[in-house]
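The structure appears right after this line, and notes come after that.
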Protein chains: 2
Amino acid sequence: MQLVSQALVEPASAVSSWFQSDTVHTSTLGKSISSSVERHIIAHEHLYFEGELHSRIYLVISGVVGTYKLLADGRRQICSFAYPGDILGVECTERHLNNAEAFSDTVVRSIASNEIDKLIMNEPGFGRALLRMTAIELANTREQLLALGRKTAAEKLITFLSDIACRNTSKGQSLVQFELPLKRCDIADYLGLTVETVSRNFTRLKASGVITLLSSNTILIKDVNLLYAMAHGGEHTGPHD
Amino acid sequence: MQLVSQALVEPASAVSSWFQSDTVHTSTLGKSISSSVERHIIAHEHLYFEGELHSRIYLVISGVVGTYKLLADGRRQICSFAYPGDILGVECTERHLNNAEAFSDTVVRSIASNEIDKLIMNEPGFGRALLRMTAIELANTREQLLALGRKTAAEKLITFLSDIACRNTSKGQSLVQFELPLKRCDIADYLGLTVETVSRNFTRLKASGVITLLSSNTILIKDVNLLYAMAHGGEHTGPHD
DNA sequence: CGTTCTCTTGAGATCCCTCAACACCTGTGG
DNA sequence: CCACAGGTGTTGAGGGATCTCAAGAGAACG
């Protein structure tokens, strides 16, 4: 399950390791960044492009922002999605290494890059929060690396749906319904597949009874735990159904 | 080109963005961690396993350490390689989310997890250095995501060789020779391929004259810039040679 | 009721995987 | 010196998962 967007939400109760020993970081990051002006971004607008000078980091207030990279011939790989509470643009280079595009109408707050260093030095809680969120993002990206490198198309899709379902499920609940925030081509570019393969695997999942499509973008999952188990190799997920 | 291992090496001269405005972080991280005892790890020994309690973060002094994740049926994805100067174990969970194994005889220093929080709060430069290195690791992982999701087997291998070559090349040099630190099966698990596909693509690269294999693990590259261009889609890298 | 965008489905091609055999190297022991 | 074994790398044949190309079905919208 992806961890993104829990950084500012999840209280540091269950976890006992370093830089989570209290919740100062949440309020600290919130305080620093909430003094900035809100910026409204409409769907498909870009927050920044690869190669542009790095000027700000962003906190997503509402909406969904995706980061992606391109190859010279146009092949696209979506790297991550930032939901409310997630940050964007924590990079260590002069110029951006990827593109950030709003996938829905979005509101963000931001801090100028040149202020960040001061905040880190003056408010250690800020640096700790930033580090924690970056570490979570790294963990998510590695999980995605496992999916892209070693999972089949069916497993990739199940993993993707399972992640979204977990995000939309309250504890213990097993029935979930949600709207897919993405088009098939975006899912494809996130999972390293083609639109057609994504669509075919949706059809197969539907036929096998694991999911129900109320509309092409409205998913109903009867048993989230089953889906979660399938995503992690616990059940049969091969294409031979 | 991968950025790993430059965090402690590269002076912050060329880059002008936040938390690189001076080089304090280098010495600060070094000072904190160099007071710890060196630990010697022999090849194939593990630094930690997925699921174990998170207890320390490590700084690689010499050798190569790889991190990897496994699926239930044994499929493996190598996530990253840590070279001298790189850190390992910056995670934000109670338990490790991946495995760390020495790929050669290795020396590491480490800091206990419960000390890290204090260091961050008391020495902001330490937190900044940690953040910078984690951000670099994230950037590398995203680059690998692009390779796994959208590149062909040939392009993946070229990218891999190009990264190693860049690491072993002094500025402006175009002829490089180096020892591959990995077996074919490790390269395969890093690139999301099988051993056979890796081997076949080595043969093709050899046949096309781009590389020379002095032995099966000794690579000679005549034109690093060409290789680098091929890795980024600048040249023809398809399988139809 | 067209137009456009998106999603689905089919047919064929192809890249990569699987399975299998062989080559190479090194160390061991007769 | 040779035989053998184990680990590693290479090569071949065949199959299958995914891609490419193409057409049609839905849905949204003016």
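Numbers restart at 1 for each chain; the letters A, B, ... are given by sequence-line order, proteins then strands. Keep in mind that what you see is a predicted model, and the values were worked out from it rather than measured.
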Is there a donor-acceptor contact under 3.5 Å from the side chain of [X] to the main chain of [Y]?
| X | Y | result |
| --- | --- | --- |
| Arg142(B) | Cys79(A) | no |
| Ser113(B) | Ser55(B) | yes |
| Arg76(A) | Leu71(A) | no |

Could you check how far [atom1] of [X] sits from [atom2] of [N], rounded to whole Å?
| X | N | atom1 | atom2 | result |
| --- | --- | --- | --- | --- |
| Phe202(A) | dT9(C) | CZ | C1' | 16 Å |
| Asp73(B) | dC17(C) | CG | C1' | 14 Å |
| Lys183(A) | dA28(D) | NZ | P | 15 Å |
| Asn201(B) | dT14(C) | CG | P | 17 Å |
| Arg204(A) | dT8(C) | CZ | P | 13 Å |
| Leu191(B) | dC17(C) | CG | C1' | 15 Å |
| Leu205(B) | dT10(D) | CG | C1' | 15 Å |
| Leu180(B) | dT8(D) | CG | P | 15 Å |

Exercise. For Asn98(A), which residues count as a side-chain hydrogen bond (donor to acceptor under 3.5 Å, both in side chains) partner, sequence neighbours excluded?
Worked result: none

Could you list the protein-to-nucleotides 19-26 of chain C atom pairs, N/O on both sides, closer than 3.5 Å?
{"unit_1": "dC19(C)", "atom_1": "N4", "unit_2": "Glu196(B)", "atom_2": "OE2", "d": "3.0"}

For this session: Measure up the His232(A) and Tyr228(A) rings against each other and bin them: parallel (under 30°), tilted (30 to 60°), perpendicular (over 60°).
Result: tilted

Exercise. Using the ring of each side chain (for Trp, its six-membered ring), is Tyr58(A) parallel, tilted or perpendicular to Tyr48(A), with breaks at 30° and 60°?
Worked result: parallel

Exercise. When all nucleic acid strands are considered with a 4.0 Å heavy-atom cut-off, which category describes Ser216(A): base, sugar-phosphate, or nothing?
Worked result: sugar-phosphate

For this session: Describe the nucleic acid contact of Thr203(A) in one word from base, sugar-phosphate, nothing, applying a heavy-atom distance below 4.0 Å.
Result: sugar-phosphate

Exercise. Nearest of dT8(C), dT10(D), dC16(C) to any side-chain atom of Ala153(B)?
Worked result: dC16(C)

Exercise. Would one find a side-chain N or O of Thr197(A) under 4.0 angstrom from OP1 or OP2 of dC19(D)?
Worked result: yes

Seminar exercise, completed: Assert: residue with more 5' nearest nucleotide on DNA chain C, out of Arg184(A) and Arg150(A), is Arg184(A)

For this session: May I ask you to decide whether Lys183(B) forms a salt bridge with Asp189(B), counting only side-chain N to carboxylate O separations under 4.0 Å?
Result: no

